[in-house]
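Within every chain, numbering begins at 1; the chains are lettered A, B, ... in the order of the sequence lines, protein sequences first and strands thereafter. This one's a predicted model, so the numbers in the text were calculated from it and none came from an experiment.
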Number of protein chains: 2
Amino acid sequence: MVKSKIPQATAKRLPLYYRYLNNLQHQEKTRVSSKELSEAVKVDSATIRRDFSYFGALGKKGYGYNVEYLLNFFRETLDQDELTEVALIGVGNLGTAFLKYNFLKNNNTKIVKAFDTAGTKIGTEIGGVPIFHIDELEERLPGIKVVILTIPASEAEVMTERLVKIGVEGILNFTPARITVPSHVRVHHIDLAVELQALVYFLKHYPLEDKKE
Amino acid sequence: MVKSKIPQATAKRLPLYYRYLNNLQHQEKTRVSSKELSEAVKVDSATIRRDFSYFGALGKKGYGYNVEYLLNFFRETLDQDELTEVALIGVGNLGTAFLKYNFLKNNNTKIVKAFDTAGTKIGTEIGGVPIFHIDELEERLPGIKVVILTIPASEAEVMTERLVKIGVEGILNFTPARITVPSHVRVHHIDLAVELQALVYFLKHYPLEDKKE
DNA sequence: ATGGTTTTGTGAAAGTAATCACGAAAACTT
DNA sequence: AAGTTTTCGTGATTACTTTCACAAAACCAT
Ligand SMILES: NC(=O)c1ccc[n+]([C@@H]2O[C@H](COP(=O)([O-])OP(=O)(O)OC[C@H]3O[C@@H](n4cnc5c(N)ncnc54)[C@H](O)[C@@H]3O)[C@@H](O)[C@H]2O)c1
Ligand SMILES: NC(=O)c1ccc[n+]([C@@H]2O[C@H](COP(=O)([O-])OP(=O)(O)OC[C@H]3O[C@@H](n4cnc5c(N)ncnc54)[C@H](O)[C@@H]3O)[C@@H](O)[C@H]2O)c1
């Protein structure tokens, strides 16, 4: 396992590279340069080469990268073979959308259980995922380390404490609540309202620069 | 208007601060320190003070920040009064969730129109937002500068060209496609599959450090 | 008033990330 | 086979962001 020398910024781009390499393979392309890759994923080519270089010399000068080799390498590095089981808490608007989609294109993450309070949903399935009552959380969650949280913000803090107690290690938090967790639990916030507002702010306050390209 | 001296990292946190200050005001709190704010929004207190300092000296030493004053200041700075009208393209799983939610808590952004190809949806409303056929895009979009894109990835590039031609300036792109736009158009990518995979990667490869706190 | 306490605002330092730019290697071309 | 072109890998640089740490200001209690 490659030790934690890899910058976080790089780690966040790896799934992106992986997905595009997969596309290339489906198109039967055998080689790709950092320049081509750069145009496709919109990341500077030097950044891509630097990112790859943390894992060693994966390319060939004057040639580029071999798609299959690179893909195999990342498959191992990103543990694309191991399936990570994920639970979803809160089968509302957003939760339902995720269940229907279920990240099918990824072959390494899968929502396997969902929980809610609403009686009408309990016992049904969405996208093949069974929905349980939240009261069964302690009983049914153990073994699952990653949770997608799509409940009302007001419930987030209490639910988080519950999840942590059960042993959850990672939370993808879609609620606007900034939840508090012990240091061994990782939370990624995806705050859609903030994203939209930030985009609007940038449009109004940042001159439409002439970026290169 | 405060010129573009404000770091992007700061700009992205502003809506977060704003929302929390709003909460405080509803709780009738009159003052708040960077330390309190820090615990609530999970941003280092020095970072918060630095962020605020780009806008001048907004606080008082030994006291903190006056909630109402700060809120009024940011209301203007963030143009919270002006309503930005947004359109949504692609009323599928994700698009429907956004329409139902419609960022009601924000008072500065509102989805006012949606577009899709599916005959069954055209002419109906979701969350009060009328859904039009995509063929009417050129006719009905003008005036709207910001678009939320929730169509299949395969459609993204062509649709983007169309949007740019109509004059859209900002796109919140939920498709996995990395779309190409001219330099005067701003795109924010929210790639949910990547976010989930990145979280899983961090869990597996980054030791559960003892972060402070 | 006085003195201890709180908390800001910010220089300086540290940390993190992106980009430049070029030598070296390998690939193509003729 | 020699010359040209492509493209990597990376040292060095630049840019951006966070954090430390402390003087100065304002508060608060007596
Ligand atoms: N839908 C959006 O477009 C959107 C956008 C930005 C943010 N969000 C945030 O995402 C979260 C979910 O949004 P939504 O629109 O899906 O809301 P929703 O109200 O449609 O769904 C919430 C679901 O959680 C369930 N629930 C409530 N308390 C629960 C509990 N204690 N345990 C388990 N389930 C519980 C409810 O029964 C409901 O099904 C909210 O925090 C919201 O602020 C949503
Ligand atoms: N749902 C999720 O949880 C999820 C997660 C990650 C990424 N995404 C991405 O978000 C996007 C939308 O996902 P979804 O699950 O809502 O898909 P979906 O298939 O449910 O919805 C897509 C909608 O777009 C409409 N559409 C197709 N072509 C169109 C066109 N040219 N113009 C206008 N409308 C058109 C379809 O009729 C459909 O209603 C996809 O790109 C998907 O990869 C979704």
Side-chain angles (χ1 to χ4, degrees), chain A residues 2-14 16-17 21 24 29-67 69-70 73-74 183 198 202 206 209-213, chain B residues 2-14 16-17 21 24 29-67 69-70 73-74 178 189 198 202 205-206 209-213:
Chain A
V2 183
K3 261 280 140 269
S4 44
K5 309 248 200 56
I6 291 131
Q8 302 223 353
T10 296
K12 288 190 184 169
R13 284 186 292 264
L14 295 179
L16 187 60
Y17 299 147
L21 289 169
L24 287 181
K29 287 203 70 172
T30 56
R31 57 182 280 194
V32 66
S33 68
S34 61
K35 188 150 168 289
E36 270 178 271
L37 217 48
S38 169
E39 278 152 25
V41 301
K42 304 282 187 291
V43 172
D44 186 272
S45 67
T47 301
I48 292 177
R49 293 199 299 280
R50 172 81 63 202
D51 283 346
F52 288 178
S53 78
Y54 293 116
F55 299 96
L58 304 176
K60 270 189 191 166
K61 302 185 176 188
Y63 173 87
Y65 300 89
N66 179 286
V67 172
Y69 176 79
L70 205 53
F73 183 85
F74 279 127
S183 59
F202 278 117
Y206 285 67
E209 334 134 28
D210 276 325
K211 290 178 285 196
K212 72 122 182 291
E213 185 244 352
Chain B
V2 182
K3 259 281 142 267
S4 44
K5 309 247 200 58
I6 292 131
Q8 301 224 353
T10 296
K12 288 190 184 170
R13 284 187 291 264
L14 295 180
L16 188 59
Y17 299 147
L21 289 170
L24 288 181
K29 287 204 70 172
T30 56
R31 57 182 278 194
V32 66
S33 69
S34 60
K35 188 151 168 291
E36 270 178 270
L37 217 47
S38 170
E39 278 151 26
V41 300
K42 305 282 188 287
V43 172
D44 186 273
S45 67
T47 301
I48 292 177
R49 292 198 300 280
R50 172 80 62 202
D51 283 346
F52 288 178
S53 78
Y54 293 115
F55 299 95
L58 304 175
K60 273 189 190 165
K61 302 187 176 185
Y63 173 86
Y65 300 89
N66 179 285
V67 172
Y69 176 80
L70 204 53
F73 183 86
F74 279 127
R178 250 48 183 181
H189 292 275
F202 279 117
H205 295 266
Y206 285 68
E209 333 134 27
D210 276 326
K211 290 178 283 193
K212 71 120 184 292
E213 186 241 354

Starting at atom [atom1] of [X], determine the distance to atom [atom2] of [N], rounded to an integer number of angstrom.
X	N	atom1	atom2	answer
B:Lys42	D:dT18	NZ	C1'	18 Å
A:Ile48	C:dA18	CD1	C1'	12 Å
B:Phe52	C:dT8	CZ	P	9 Å
A:Asp44	D:dC8	CG	C1'	14 Å
A:Gln8	C:dA17	CD	P	6 Å
A:Lys35	D:dT6	NZ	P	9 Å
A:Tyr69	D:dC8	OH	C1'	14 Å
B:Phe55	C:dT8	CZ	P	17 Å

I'd like to compare against my own output: the B/S/- annotation of nucleotides 21-30 of chain C with a strict under-4.0 Å heavy-atom distance to protein.
B-BBBBSS--
Can you tell me if the side-chain N/O atoms of B:Tyr65 get under 4.0 Å from OP1 or OP2 in C:dG9?
yes
Any donor-acceptor pair under 3.5 Å joining the side chain of B:Arg50 to the base of D:dT19?
yes
Nearest 0.5 Å, please: how far is [atom2] in [Y] from [atom1] in [X]?
X	Y	atom1	atom2	answer
B:Arg50	B:Ser45	CZ	OG	12.0 Å
A:Tyr63	A:Arg31	OH	CZ	5.5 Å
B:Leu37	B:Tyr17	CG	OH	7.0 Å
A:Lys60	A:Ser33	NZ	OG	15.5 Å

Using a 4.5 Å cut-off on heavy atoms from C-beta on, say whether the side chain of A:Glu36 contacts that of A:Leu24.
no
Mind checking what makes side-chain hydrogen bond (donor to acceptor under 3.5 Å, both in side chains) contact with A:Thr10, not counting sequence neighbours?
A:Asp51
So B:Phe52 and B:Phe74, would you call those rings parallel, tilted or perpendicular, with 30° and 60° as cut-offs?
tilted
Applying a 4.0 Å non-hydrogen cut-off, can you work out what A:Ser34 is touching in the nucleic acid: base, sugar-phosphate, or nothing?
sugar-phosphate
Taking only the side-chain heavy atoms of B:Ser33 (C-beta and beyond), determine which of C:dG9, C:dT7, C:dT19 contains the nearest atom.
C:dT7
